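Report on one structure; see the data block that follows.
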Amino acid sequence: MPEVVQTFVDTNDLSRCIELQNNIVHLYRSDIAKYAEKKDKIKIRDILDQIPSQLDAKNNRFKLSEISKNARYTYFESSFLWPAKAGVALPCYNCMAPILPLDLNRK
C-alpha cells in the first residue's frame, strides 16, 4: 500500500490513511465479485476477511475452523489460491528440510 504510506508521510493524517485502506479493501471485494467463479465468491470473501485477525493472533497461522467449525481444506483449496494469484495475499509454506530447492521440500 505505497499510497497509504506516502499519504501518512505527507500528511500525518491517520483518518485519511484508514480511508485509503478501506478503499483498497473495497476494490479487492469488487474484483472478487467481478472475476471469481460464482461458487468461490463467498469462500474467497470469508478468507480475505479472516486474514488480518487470524495473522494477528499469537500463533500466526490461518485456521479454517475460524471460518466454520466443519471447514475442510479440500472445500476451500481453490479459494485460497485466488488471493495469492491476485497478489492480495502472499502464501508461506512449511519446508520439511531447509535444503535447495525449497519447492521440493514444500509441505
Side-chain angles (χ1 to χ4, degrees):
M1 297 184 186
E3 182 183 359
V4 177
V5 173
Q6 189 61 51
T7 299
F8 181 74
V9 169
D10 293 344
T11 66
N12 286 338
D13 184 0
L14 285 177
S15 62
R16 178 68 180 131
C17 293
I18 291 170
E19 181 182 331
L20 288 171
Q21 288 173 327
N22 289 335
N23 288 343
I24 291 169
V25 171
H26 176 73
L27 290 173
Y28 288 156
R29 289 177 167 282
S30 296
D31 283 349
I32 291 168
K34 187 174 182 181
Y35 298 112
E37 292 183 32
K38 186 176 182 177
K39 65 181 178 79
D40 290 334
K41 289 180 185 186
I42 293 172
K43 293 185 284 186
I44 294 168
R45 267 186 278 164
D46 288 344
I47 291 168
L48 189 66
D49 289 343
Q50 288 287 320
I51 289 173
S53 62
Q54 287 206 32
L55 295 183
D56 190 35
K58 290 180 182 179
N59 63 0
N60 293 329
R61 300 179 76 175
F62 195 95
K63 295 181 183 178
L64 285 175
S65 60
E66 297 290 326
I67 294 175
S68 169
K69 291 184 185 225
N70 298 324
R72 298 290 176 257
Y73 181 73
T74 53
Y75 179 72
F76 281 91
E77 185 174 10
S78 64
S79 302
F80 270 105
L81 297 176
W82 200 93
K85 287 181 179 179
V88 175
L90 301 173
C92 181
Y93 300 100
N94 287 338
C95 283
M96 295 178 291
I99 51 178
L100 296 174
L102 293 176
D103 274 347
L104 293 178
N105 296 299
R106 187 166 87 180
K107 183 174 152 186

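Just so it is clear, the model here is predicted, and its values are computed rather than measured.
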* Is there a donor-acceptor contact under 3.5 Å linking the side chains of Ser15 and Asp13? -> yes
* From Glu19 atom CD to Ile24 atom CD1, the distance as rounded to the nearest 0.5 Å -> 11.5 Å
* Structure fact -> Rounding to 0.5 Å, atoms OG1 (Thr7) and CG (Leu20) come to a distance of 4.5 Å
* Can you list every pair that meets salt bridge (charged side-chain N to carboxylate O under 4.0 Å, His left out) and has a residue in residues 81-93, with sequence neighbours left out? -> none
* Asked: What heavy-atom pair brings Ala36 and Ile44 nearest, and what distance separates the two atoms?
  -> CB-CD1, 3.7 Å
* To do: Please identify each residue that fulfils side chain to side chain donor-acceptor pair (under 3.5 Å) with Lys43, with sequence neighbours left out.
  => Asp40
* To do: Drop me the distance from Ile42's CD1 to Ile67's CD1, to the nearest 0.5 angstrom.
  => 12.5 Å
* To do: Can you measure from OH (Tyr28) to CG (Asn23) and round to the nearest 0.5 angstrom?
  => 12.0 Å
* Between Leu64 and Tyr75, is there a shared hydrophobic cluster once you connect ILVMFWY residues whose side-chain heavy atoms come closer than 4.5 Å? -> yes
* 4.5 Å side-chain heavy-atom contact, Asp31 and Trp82 -> yes
* To do: Assess whether atom CD of Glu66 is packed by more than 12 heavy atoms of other residues, nucleotides or ligands within 6.0 Å.
  => yes
* Nearest 0.5 Å, what's the OG-NZ distance between Ser78 and Lys39? -> 4.0 Å
* Structure fact -> The reported gap from CG in Asp10 to CZ in Arg16 (rounded to nearest 0.5 angstrom) is 11.0 Å
When the side chains of residues 45-53 are checked against the rest of the protein, which donor-acceptor pairs come out under 3.5 Å, sequence neighbours left out?
residue : atom : partner : partner atom : Å
Asp49   : OD1  : Arg29   : NH2          : 2.4
Asp49   : OD2  : Arg29   : NH2          : 2.8
Gln50   : OE1  : Gln54   : NE2          : 3.1
Ser53   : OG   : Gln50   : O            : 3.3

